[in-house]
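Comments concern the structure below.
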Amino acid sequence: MMLSKNLTQSLLRYTSNGAITKNASSRGFHTSKVLLAGGPSTPINYPSLEIPNAGETQKMNLFQAINNAMDISLRTDEKACVFGEDVGFGGVFRCSVDLRNKYGAKRVFNTPLCEQGIAGFAIGLAAQGATAIAEIQFADYIFPAFDQIVNEAAKYRYRSGGQFDCGSLTFRSPYGAVGHGGHYHSQSPESYFAQTPGLKVVMPATPIEAKGLLLASIRDKNPVVFFEPKLLYRSAVEDVPIGDYEIELGRARIVQEGSDLTLVGWGAQMKVLMQAAQMAKEKLGLSIELIDLRTILPWDVECVEKSVKKTGRLIISHEAPKTGGWAAEISSAIQERCFLHLESPIQRVCGYDTPFPLIFEKFYLPDHLKNFEAIKKSINY
Amino acid sequence: MNSSTYCKGTGHSSSKQDFLRGYASKSGDIQVKFNKFDTYLCDGPANQTTTNKDELMTFFTDMTKMRRIETVADQLYKKKLIRGFCHLYNGQEAVCTGMEAAITKEDHVITAYRDHTFMMARGATPKEILAELLMKSTGCSKGKGGSMHMFTRNFYGGNGIVGAQCPLGAGIAFTQKYNNTGNVCLTYYGDGAANQGQLFEAFNMAKLWDLPCIFICENNKFGMGTPQKRAAAGDDFYTRAHYIPGIKVDGMNVLAVKTAGKWAADWCRAGKGPLVMEMDTYRYVGHSMSDPGTSYRTREEVNNVRQIRDPIEYVRKLILDNKCATEDELTAIEDAARVEMDEAAEFAIASPFPEPGELYTNVYKELVPVRAVEMTDTLIVVVNQQGNKQQQQQIKDIILFGGMFIIFILLICLFGPLKNVQHHRSNITAAEQQQQQLR
Ligand SMILES: Cc1ncc(C[n+]2csc(CCOP(=O)(O)OP(=O)(O)O)c2C)c(N)n1
Ligand SMILES: [Mg+2]
């Protein structure tokens with residue numbers, strides 16, 4: 001058999017990496033056991049965000065946390081309504097399950113299959129003062145709605161000189177790789193939207209933050225595009241406060257403090273980065289500062305700046321292709337602010353500049369090994 | 001004796017197909033009648049046609065193969081050999097079979113993601129279809145498209161975004177008119193897709209320029225879990241392009257489909273502009289493999305359609321009633337289809353995956369530098385105990401894949417005794433070599 005060693009190695013990676021198994025959740029830690037060849041032998045411990053005075057909690061996975069946020073929104077705001085394809089039945093990812101029973105079909109309803117229409121309809125609804133929570137079934141299907149979101153929603157306030165806006169509008173949409181989604185069930189389109197002043201773009205990484213950030217997005221007075229990591233809908237489980245709380249938009253979270261290198265990401269990528277950070281600690285004795293951007297636009301440049309001035313090294317990682325991805329913006333802004341503090345070039349560990357692949361997903365993704373390599377390269381620079 | 005076969009089946013799943021016996025005339029022609037077509041802004045063809053043994057046997061064979069390839073796809077999916085999404089066509093076979101019989105291979109076809117059987121109708125081999133399904137390099141799209149993205153001569157896919165194919169169909173049809181080819185384009189979409197704005201933009205262009213485009217709404221009654229009536233304000237899909245004539249067809253009756261299809265193709269070829277056809281059909285299986293297809297409809301509903309309107313059973317009955325073949329002969333055709341598809345599946349399983357370098361090809365016409373690979377010039381494979389266990393389990397599954405994994409297994413055996421964590425720096429991959437050459 002004339003298989004090259006290279007191909008064999010690649011296949012080894014395709015087949016031996018990354019089966020994310022069922023989660024064990026323990027209080028204070030957002031634990032997912034990731035079986036990765038080459039990963040640290042211990043499970044990844046991703047610290048749960050502390051919500052001050054949170055009160056009672058309940059075990060929830062990420063879709064339940066989203067459901068809980070919408071439930072609170074519908075309960076506390078009589079103008080709130082939730083709609084989208086199959087949303088009345090609970091949605092394909094169960095995020096809106098039971099909401100129609102609770103709040104009625106006038107406030108929680110199915111739309112036909114028409115993303116551009118859904119988006120424009122949502123803008124009109126919000127312009128009338130309603131709190132519109134629209135679901136686009138997959139982030140890959142948001143492109144038919146792109147015009148409405150980018151040209152209409154984002155510019156409504158500006159072009160009317162403040163007379164009209166659709167600030168009470170939130171688009172929710174599941175994004176990202178799940179291991180088998182192929183071209184149209186895997187993409188991460190955040191940077192297309194992040195180049196649009198007038199929009200906010202939010203991407204949570206844990207159930208607790210998903211709930212708090214979604215409530216903040218729904219109540220924010222600007223249109224928000226909220227991308228949910230569908231990989232984590234079921235697999236991420238935490239003790240989520242059942243009460244009403246918000247997490248401020250535009251603020252990053254320092255997930256883990258460290259002194260040697262700053263690692264920045266968002267959404268599902270955070271677990272991968274935590275794993276790379278743990279690997280760097282175990283194998284190289286490095287102390288990595290891990291930052292979850294959480295809000296992509298407007299992003300928390302001060303937080304990253306402060307961190308990089310401390311560590312002198314920066315790596316940014318996302319699933320979307322490298323060229324024109326949001327890492328490029330972060331890299332550029334930090335280089336402007338931290339030039340004399342940098343010990344090594346800023347690196348971007350991202351998806352390749354190809355369509356999201358069906359067969360080569362494992363190879364394409366910026367996994368913990370690629371991030372670990374980048375950390376080594378930065379340290380050895 | 002009466003020389004016509006009357007089949008009543010158009011319209012509702014509850015109406016019983018009521019066969020009267022039909023007899024072949026001396027010439028071998030068989031007269032068949034079916035329910036009147038519902039039409040809009042046109043008269044449509046007569047509700048009868050002439051068929052013969054050869055045609056019926058071809059329909060039976062083709063549709064049997066289609067049903068079988070979907071069964072095999074289902075099995076392969078359940079063995080976890082298929083990634084991406086996978087949508088099956090069971091129940092709808094008469095639509096693509098009848099329409100294909102109404103056109104020539106020079107005509108053009110485009111559809112959505114429920115595309116395996118369209119490939120067969122267009123002449124692709126089961127091997128290249130199943131290989132594509134398993135993402136193998138021998139597949140019709142080199143393994144890069146998968147279930148939803150199959151393509152072959154004069155078949156433009158295989159499209160994953162609902163409704164996106166409709167304006168493309170109009171564009172393909174425009175070319176036929178512009179170049180005077182006399183060919184038509186069949187543009188398929190679903191009852192769910194019928195609510196996408198793009199379709200109406202395509203309708204308008206097609207009528208404005210009188211393009212030879214046949215818009216075919218495969219009304220299988222559901223868009224995922226949503227019944228057609230809950231999504232469409234007007235669900236007479238054949239009347240929905242109000243300035244384009246339309247016809248509603250029993251999509252479970254391959255002869256009705258072919259009759260209407262021939263009439264429609266003639267209409268377009270005569271320069272009369274586009275048409276809308278609504279195919280009254282039904283999907284037996286769930287929307288995709290993750291949908292059991294039972295939460296939004298009853299099992300009885302599905303069983304009823306299967307029993308009363310099944311497109312293959314309809315042809316079987318015609319064949320038997322007209323003594324075109326014996327039951328044994330039909331069983332032999334079914335057996336042959338099973339063997340053919342099993343062989344195709346074996347071929348697909350034994351075929352290699354594409355080379356990693358294929359990740360970078362076909363992005364642009366030229367092979368352009370793919371950014372972001374720089375940091376992967378060392379590829380680490382760390383084998384630890386945990387990894388080993390997992391790999392061994394996978395070997396068990398993968399062994400079925402055939403010979404290409406032998407090397408893989410050897411590699412594992414090689415690393416097997418190494419209990420502690422190790423790093424293996426590989427050479428740069430083939431793809432990255434290409435990259436380096438480009439730099
Ligand atoms: C733009 C877009 N929105 C949503 C989807 C998800 N989706 C895939 S198929 C489908 C239902 C389509 O139903 P229909 O057009 O009736 O075709 P059928 O599946 O019945 O063949 C939906 C909502 C998608 N692929 N693309
Ligand atoms: Mg349908």
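First the proteins, then the strands, lettered A, B, ... as listed; each starts at 1.
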Do any N or O atoms from the side chain of A:H183 and from the backbone of B:G84 form a donor-acceptor pair under 3.5 angstrom?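 Checked: no pair found.
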Sub-3.5 Å donor-acceptor pair from the side chain of B:R83 to the main-chain atoms of A:G179, do we have one? yes
Can you say whether B:A193 sits under 4.5 Å from chain A via the side chain, the backbone, both, or neither, judging by heavy atoms?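 Interface part for B:A193: backbone (N, CA, C, O).
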Is the number of heavy atoms from other residues, nucleotides or ligands within 6.0 Å of CZ (A:F109) greater than 12? yes
How close do [X] and [Y] get, counting heavy atoms only, and between which atoms?
| X | Y | result |
| --- | --- | --- |
| B:L359 | A:Y352 | CD2-CD1, 3.4 Å |
| A:P112 | B:N195 | CB-CB, 4.0 Å |
| A:I359 | B:K144 | CG2-CA, 4.4 Å |
| B:Y360 | A:T354 | CD2-CG2, 4.0 Å |

Using 30° and 60° as the class boundaries, would you call the ring planes of B:F85 and A:F138 parallel, tilted or perpendicular?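 Ring orientation, 0 to 90° scale: perpendicular.
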Kindly assign one of parallel, tilted or perpendicular to the pair A:Y184 and B:H149, based on the angle between their ring planes and the thresholds 30° and 60°. perpendicular
Could you check if a side-chain atom of A:F89 sits within less than 4.5 angstrom of a side-chain atom of B:T226, using non-hydrogen atoms only?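 A side-chain contact under 4.5 Å exists here.
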Close side-chain approach of B:M224 and A:E85, heavy atoms under 4.5 Å: no
Quick one: pull up CZ in A:F360 and CE in B:M135 and give me the separation to the nearest 0.5 Å. 9.5 Å
At a heavy-atom distance under 4.5 Å, which candidate from A:H180, A:Q116, A:H185 has the highest pair count against chain B? A:H185
Bottom line for A:V92: the part with an atom under 4.5 Å from chain B's heavy atoms is side chain
